[in-house]
Amino acid sequence: MKKLVLIDGSGIAYRAFFALPLLNNDKGVYTNAVYGFTTMLLKIIETEKPTHLLVAFDAGKTTFRHKTYKEYKGTRQKTPPELSEQLPLIRELLDLMGIQHYEKDQYEADDIIGTLSKQAQQKGWTTKVVTGDKDLLQLVDDKVTVSLTRKGITDMDDYDAAKVFERYEIEPIRIIDLKGFMGDSSDNIPGVPGVGEKTAIKLLKQFGSLEAVFEDLEAVSGKKLKEKLEANQDQAVMSKQLATIDIHAPVDIELDRLTYQQTFSQELSELFKELEFSSLLNRIGFEETIAGESQEIEVKSEVLTTIEDSLLLKESALTVEILEENYHYAEILGFGLANEKGCYFVPKDVAFSSERFKSWLQDETTRKIVYDRKRDRVALKWQGLELKGVHFDITLASYLIDPSESNHDLAAIAKRRDIKYVYSDEAFYGKGAKQQIPDEDKLADHVARKAKAMLELEPLLAEELEENHQSSLFYELEMPLADVLGEMEFKGVDISETTLKDMGVELNDKLIQLEKHIHALAGTEFNINSPKQLGEILFEKMNLPVIKKTKTGYSTSADVLEKLQGHHEIIDKILEYRQLGKLNSTYIEGLLKVIHPKTGKIHTLYRQALTQTGRLSSTDPNLQNIPIRLEEGRKIRKAFIPSKKDWMMFAADYSQIELRVLAHIAEDENLIKAFKEDMDIHTKTAMDVFGVAEGEVTSLMRRHAKAVNFGIVYGISDYGLSQSLGITRKEAGEFIEKYLDSYPGVRRYMTEIVQQAKHDGYVTTLLHRRRYLPEITSRNFNRRSFAERTAMNTPIQGSAADIIKLAMVSMAERLKEEQLEANMLLQVHDELIFEAPKHEIDRLKIIVPEVMENAKALKVPLKVEASYGQTWYDAK
DNA sequence: GGTTTCACGC
DNA sequence: GACGTACGTGAAACCA
């Protein structure tokens, strides 16, 4: 059985280009269309298993259709150069994959596909056409099916005749009649003005074809419609003609010659590597190995068995080689060292038995270049060593230069700067179950390469930081902050295991009761945690109204369930079950799992080089999302306790720091005044937006105003605001407009920052933190809108992040200066949590707000609220 | 092991 | 006219 696959190469490339963000490789070659095209191609080959395969392309600008209508495709924008430059790459790729491609002067890909599909039909082959263009549906028959890209590029809808009929209520061949009436704005086919899909289908159902309609115009119902048809008859006939695919195009290619045999050559894998399609390399059976170009470059290194003073220079690159992600549990494999003298690997036994080496590690006066200062420092702290004299952190530098680089992996950072002899840890050690440590020779080589690369990278990165005006941000903020965060992580926060366990027992009881109750109400037992099973129960068995669907089934999210409240008592129970289940699995069981066996405390990991805005994130466990809003969850905080007897937990948070930052950046008089007068900002916003006096602000008005402020801070859209308030998008848009009317400075800022982002390609924060926004010029509305909101939001959120980071560095210094025993333990974006002896609380009440409020002088005062108690829960 | 859905915080 | 919409982390189900 012959199976022919015909791919609309031009159409798919076009779709891929617009569906994917503008990727490029390290040489600046754009690759998104090639990437999308290739993933689609691999998927099609895998699922369709074609015996014959051809990719058809459009040829040139003019086609035979222009003879009929010279305006054909006249409104189409010129193909963007970022896309055109990728088309030769796609052809090269097809050649390497042994896939034939074809184009014919004066014809479009559609005509080639149409002609070949009909020839194949004659021979009794089955054909699959792959395209993004609905016009191709006219080719569907008993032997030909059409796959239409849905969204993205690999998501396809398969159309056979029945599916076409289901969708359009007409035979596939009548798609051309449909186009004749409707026209097609993207091809500049006029059709009959005022006739859309609905009317066209109605006419075709009644008359059968476009010609039949015009033969019996009198039978058309509706005077207006009749007039429109009469006036545009010629245009309609021509439109149909334009939309008709030529199935007798002079295609000089034999079907039998289109055989396809899957072969993936070395050359193909080279091309994939060049384009940086590493995920696709695996799919074609070429695992990216550590071999390849890295090992071809020789790096001389030595394994040290004794440590000579002469090797330990003031200026050196140092790597502390550990494998574990979680460095609180890390085993040190050894050290890499690179300096003027050469590159070395120091095995752990040699290192730890050398007093010389250990004192060098702890020597403040050296200038060490490291890859991840916090990681190295904390890992060594667990070994009782204080890493000192760190002068440069490669990860942090790379992060500040461009936070969007998806991995600040050393090999990637190096490769982008043309240093190619170092390979990534993942490639060297493998990942997941495949991870293993090679023998010492290889290990030594790898580690030494890393150290060498770091030594070489430091001046390059330092210069880039300087160019970006980020030197001070780097040396004076992020670098010292890394040590402060390291101390917080290493110190850890104490947790009462018994409190957690008691809460767990109680929760489990409640969950069992709830589960029974829910099963009884549903009349059957099922897994409430499974959205799939829950959806079937609610929407099929119990016939509750479907509010929203996900791509795999019914949505059962909280906002959907809330809309169903009142329909059935089961809803409330499910919501409660979800809430308690979350508390139990994530917080009770989750936290119990991560208590460190050596300290009995919880040691989180702050990620300092991750978020696009400059905020920190926290993992293993995440201590930045411990419940607070609902009382049941808030009780979790009772388990967070001081580590010593007679100590207290002390918490201080910034009040409205983002909106204060906004007032400052936007220089909005109204907003500045409000903060200077220390007004309740949501009430103030409500007064301005609704035009009422303070006393007339209702709680609903305040709630709406609060959501608008929230939206400003987080950069949500009118849609997002409408969702959170349960109002229409239009109303949400009006709220935002009224807000901007009330705060003209903010409006001006929003306009200007978008202009600036378009001009510079990036936005910055108060301390010159940078975020690039390449999509701000995207032709895709969604992408562009998202980039615009990001441009408005990042300086606000990022500057707030800058400020609390400044406060943390000052705070650590201040605690030391005053010789306080208090420990700074946690940061939750706008708040700091400490533990301290009772007798220091009075002092903290003064200095913590003082340090935080004076971290950075703005045009409005910063305000901090502090509290304390026996547990984190009580510090409210 | 990867993806999807849901839910927690700011 | 539709698109699919703050950022993070983590658990569980489900599919392969």
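Letters A, B, ... are given to chains in the order of the sequence lines, protein chains preceding strands, and every chain is numbered from 1. Small disclaimer: the values here were computed from a predicted structure and weren't measured.
- Between A/Asn527 and C/dA13 there is a side-chain polar atom (N or O) within less than 4.0 angstrom of OP1 or OP2.
- A/Gln579 has no side-chain polar atom (N or O) that falls below the 4.0 Å cut-off from OP1 or OP2 of B/dC6.
- In this model, no donor atom of one side chain and acceptor atom of the other lie less than 3.5 Å apart for A/Tyr606 and A/Lys374.
- At C/dC7, none of the side-chain N or O atoms of A/Arg615 fall inside 4.0 Å of OP1 or OP2 (strictly under the cut-off).
- When the P atom of C/dC7 is taken as reference, atom CG of A/Asn622 falls 16 Å away, rounded to whole Å.
- The side chain of A/Lys532 contributes an N or O atom lying less than 4.0 Å from OP1 or OP2 of C/dC15.
- Following rounding to the nearest Å, A/Tyr719 (OH) and C/dA6 (C1') show an atom-to-atom distance of 14 Å.
- A sub-4.0 Å separation between OP1 or OP2 of B/dT5 and a side-chain N or O of A/Thr550 is present.
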### Task
Starting from the C-alpha separation in whole Å, work towards a yes-or-no answer on side chain to side chain contact (heavy atoms under 4.5 Å, CB included) for A/Gln579 and A/Leu630.
CA-CA 10 Å; A/Gln579 191 204 339; A/Leu630 300 170; 3.5 Å; yes

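- The side chain of A/Leu610 has C/dT9 as its nearest neighbour among C/dA11, B/dC6, C/dT9.
- A perpendicular orientation is assigned to the rings of A/His328 and A/His596, their planes being inclined by more than 60° (bins at 30° and 60°).
- For A/Ser530, the listed nucleotide lying nearest its side chain is C/dC14; candidates were C/dC14, B/dA7, C/dT5.
- Applying the 4.0 Å criterion to OP1 and OP2 of B/dC6, one finds that A/Ser555 has a side-chain N or O inside that range.
- Distance from the side chain of A/Ser585 is smallest to C/dA11 among C/dA11, B/dA7, B/dC10.
- A residue-by-residue look at A/Arg729 and A/Phe786 shows that A/Arg729 has its nearest nucleotide of DNA chain C further toward the 5' end.
- Distances shown here put every side-chain N or O of A/Arg607 at or beyond 4.0 Å from the OP1 or OP2 atom of C/dG8.
- A sub-4.0 Å separation between OP1 or OP2 of B/dT5 and a side-chain N or O of A/Thr552 is present.
- Taking the side chain of A/Asn625 as heavy atoms from C-beta on, and the options B/dC10, B/dC8, C/dA6, the nearest nucleotide is B/dC8.
- The distance from atom CZ of A/Arg771 to atom C1' of C/dG8 is 12 Å, rounded to the nearest whole Å.
- The base-pairing partner of B/dG2, taking Watson-Crick or G-U wobble contacts with both distances under 3.5 Å, is C/dC14.
- The side chain of A/Asn529 sits closest to C/dA13 out of C/dA13, C/dG4, B/dC8.
- Comparing the P positions of B/dA7 and C/dG4 gives an interatomic distance of 22 Å, to the nearest angstrom.
- Side-chain nitrogen and oxygen atoms of A/Thr556 include at least one within less than 4.0 Å of the OP1 or OP2 phosphate oxygen of B/dC6.
- Side-chain proximity of A/Val828 to the nucleotides C/dG8, B/dC10, B/dC6 is greatest for B/dC10.
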